[in-house]
Amino acid sequence: MTLIARVLPLDEAGRYFTFSGVVLSTYFAVGAGLPDGAIRFAPALRAKGDQAGANWLRRRTFSFSIASAPILAIVIVWTVFGRTESPTTCLWISAWWLGYAAIFASAQSVVASGRGALGTSMFYSAANIASLLIVIPMIALGLANSLAVVLPLTVLSTGLAALTCSAIAIRHLRGQSARPDQSVLGVAWRQGGSVAVGRVVQSGLLWSPVWVASIFLGPESAALFGLATRLVSAVAAVIATVRFSIRPELAELAVAGEWRLIESRVARIATYTTGLAVVSIIGILALGPVLIPILFGERYAGIESLVAMLLLGTVGESLGGPIDEVLKMSGDAYFVLLVQIGGTAVAFAFEALGALLYSNIGLAVAYALGFILIYAVMIARLWVTRHVLALPRFPRRTVEG
């Protein structure tokens, strides 16, 4: 992102961030939610001693996800960009989407097998490592200084990462398998579908400042928010990584009814993640005015205030730790989905109003308020339904069993 911000003109940077937003917020739809359903039910099957059933579910999930990915890539990309971008550009974006979808399906399969650390590293690191090896050297050498070159290079690096992750996932699909209760696949699909829609909605909320800025404030503001949201994601990725890897454990604890142990886990995670978000706000305000112009160029000077405002939303997300995953893994996925959809709709309206009234800062503040509202509702829901208080603190050690 540093090099792209420095070498691409603001209008091309704005387009690149727009493409990124669509790809990175919709590839969760791969498999129509079945990968998330496998995360929910494969650990539950293992906990009941049905390892063969868990293997069967993971194999069906992975094969269907990979087979359906090209169709979804074309439908989504051409629906969004078919009228505004050339066919060649749409094909590149579709290939980009397909690469991320394959990485996601592979990582989900590995996490569902019980190898949370490996699956998490695949999901959050594979594409970045490939970019480090391919895209970044080309930009640094001055061989990629336009969107027409950067986009194909991005697709190439993502594709290589996808092939590697798919090979790892296939290797971990070995083992005896036998179809479990016939209703498992349907239930996993229904619950996973709601989780997947929630992922798309939540990711859309993360990228909403870029889209709202592009519509109401112009391409230069879109470029500023594009970089600002990427800086925020560096902090949010820590929270997302914990959320991604802890899901199998939460599913097993929920099945066992260990709600006090879940509360202890969530409270500790919330303490660390909230502390990280607060420290990040202080750091960007203190160091941003000096470092941002040096790293990204004078065109982006002053966006530290936007980053700080957006990070207030990250604080709101951090207060409950993996609150949304707790609700999802305990059978409350539909409520989470409704809150995310309703909250995102309200947030979009707030952001549009904030942009029209107070320009960039108004948009950023509205974004933060939308995030805080969504996670406050989830925290209240978990307290009412399970008497679990998901707020930052260091609870006394809970004895398992």
Side-chain angles (χ1 to χ4, degrees), residues 17-42 57-58 60-82 85 90-112 119-120 122-124 126-127 154-155 158-159 161-162 165-166 169 185-208 210-211 233 240 243-244 247 324-325 328-329 333-334 336-345 348 374:
F17 287 130
T18 301
F19 299 159
S20 298
V22 172
V23 171
L24 298 179
S25 63
T26 60
Y27 71 85
F28 301 112
V30 64
L34 196 52
D36 282 298
I39 289 288
R40 169 70 175 84
F41 287 96
L57 179 60
R58 290 193 304 112
R60 284 297 181 93
T61 298
F62 183 75
S63 60
F64 175 78
S65 299
I66 296 300
S68 63
I71 299 173
L72 279 173
I74 293 173
V75 170
I76 291 174
V77 172
W78 285 76
T79 298
V80 176
F81 295 112
E85 298 294 336
C90 287
L91 287 175
W92 283 123
I93 302 172
S94 298
W96 191 2
W97 192 99
L98 183 60
Y100 266 103
I103 293 172
F104 178 68
S106 301
Q108 292 280 71
S109 179
V110 173
V111 171
T120 301
M122 290 164 58
F123 181 46
Y124 288 101
T154 302
V155 172
T158 306
C165 290
S166 297
L185 186 62
V187 175
W189 214 328
R190 288 193 297 273
Q191 292 199 15
S194 66
V195 174
V197 172
R199 286 183 181 279
V200 173
V201 172
Q202 185 178 29
S203 297
L205 178 59
L206 292 171
W207 283 94
S208 61
V210 180
W211 300 333
S233 72
R243 182 184 292 119
F244 187 86
R247 287 173 301 159
D324 50 346
E325 296 299 336
K328 293 173 189 175
M329 295 298 107
Y334 291 113
V336 173
L337 177 61
L338 291 176
V339 171
Q340 289 174 329
I341 293 175
T344 299
F348 266 95
I374 290 172

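Nothing fancy with the numbering, it's 1 onward along the sequence.
Proximity of F62 to L34: side-chain heavy atoms (C-beta onward) are nowhere separated by under 4.5 Å. Inter-residue side-chain proximity for E85 and F19 is flagged as met; some heavy-atom pair is nearer than 4.5 Å. No side-chain heavy atom of T26 sits under 4.5 Å from any side-chain heavy atom of S203. A heavy-atom distance below 4.5 Å is found between the side chains of L205 and S208.
Side-chain atoms of S109 never come within 3.5 Å of backbone atoms of A105 as a donor-acceptor pair (strictly under, hydrogens ignored).
Rounding to the nearest 0.5 Å places CZ of R199 at 4.0 Å from CG of D36. Taking CD1 of I103 as the reference point, atom CD of Q108 lies at 12.5 Å (rounded to 0.5 Å). Separating the OG1 atom in T18 from the CZ atom in F81 is a distance of 6.5 Å, to the nearest 0.5 Å.
Side-chain contact, W96 with T154: no donor N or O sits under 3.5 Å from an acceptor N or O.
Of all the heavy atoms in G204 and F348, the pair that sits closest is O-CZ, 4.1 Å. The two residues A126 and A161 come nearest to each other via the heavy atoms O-CB, 3.6 Å. Scanning both residues, A101 and A69, for their nearest heavy atoms gives CB-CB, 4.5 Å. When all heavy atoms of F17 and W207 are compared, the pair lying nearest together is O-CZ3, 3.3 Å. The heavy-atom pair separating A112 from A42 by the smallest distance is O-CB, 3.7 Å. The two residues Q340 and D324 make their nearest non-hydrogen contact at NE2-OD2, 4.4 Å.
Residues forming a side-chain hydrogen bond (donor to acceptor under 3.5 Å, both in side chains) with S65 (at least two apart in sequence, or on another chain): none.
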Any chance you could lay out the side-chain contact (heavy atoms from CB on, under 4.5 Å) test for F64 and V30, step after step, and finish with the verdict? CA-CA 9 Å; F64 175 78; V30 64; over 6 Å; no
V77 and V22: side-chain contact (heavy atoms from CB on, under 4.5 Å), yes or no, with the steps? CA-CA 8 Å; V77 172; V22 172; 5.5 Å; no
Would V110 and M122 count as a side-chain contact (heavy atoms from CB on, under 4.5 Å) here? Give the steps. CA-CA 9 Å; V110 173; M122 290 164 58; 3.9 Å; yes
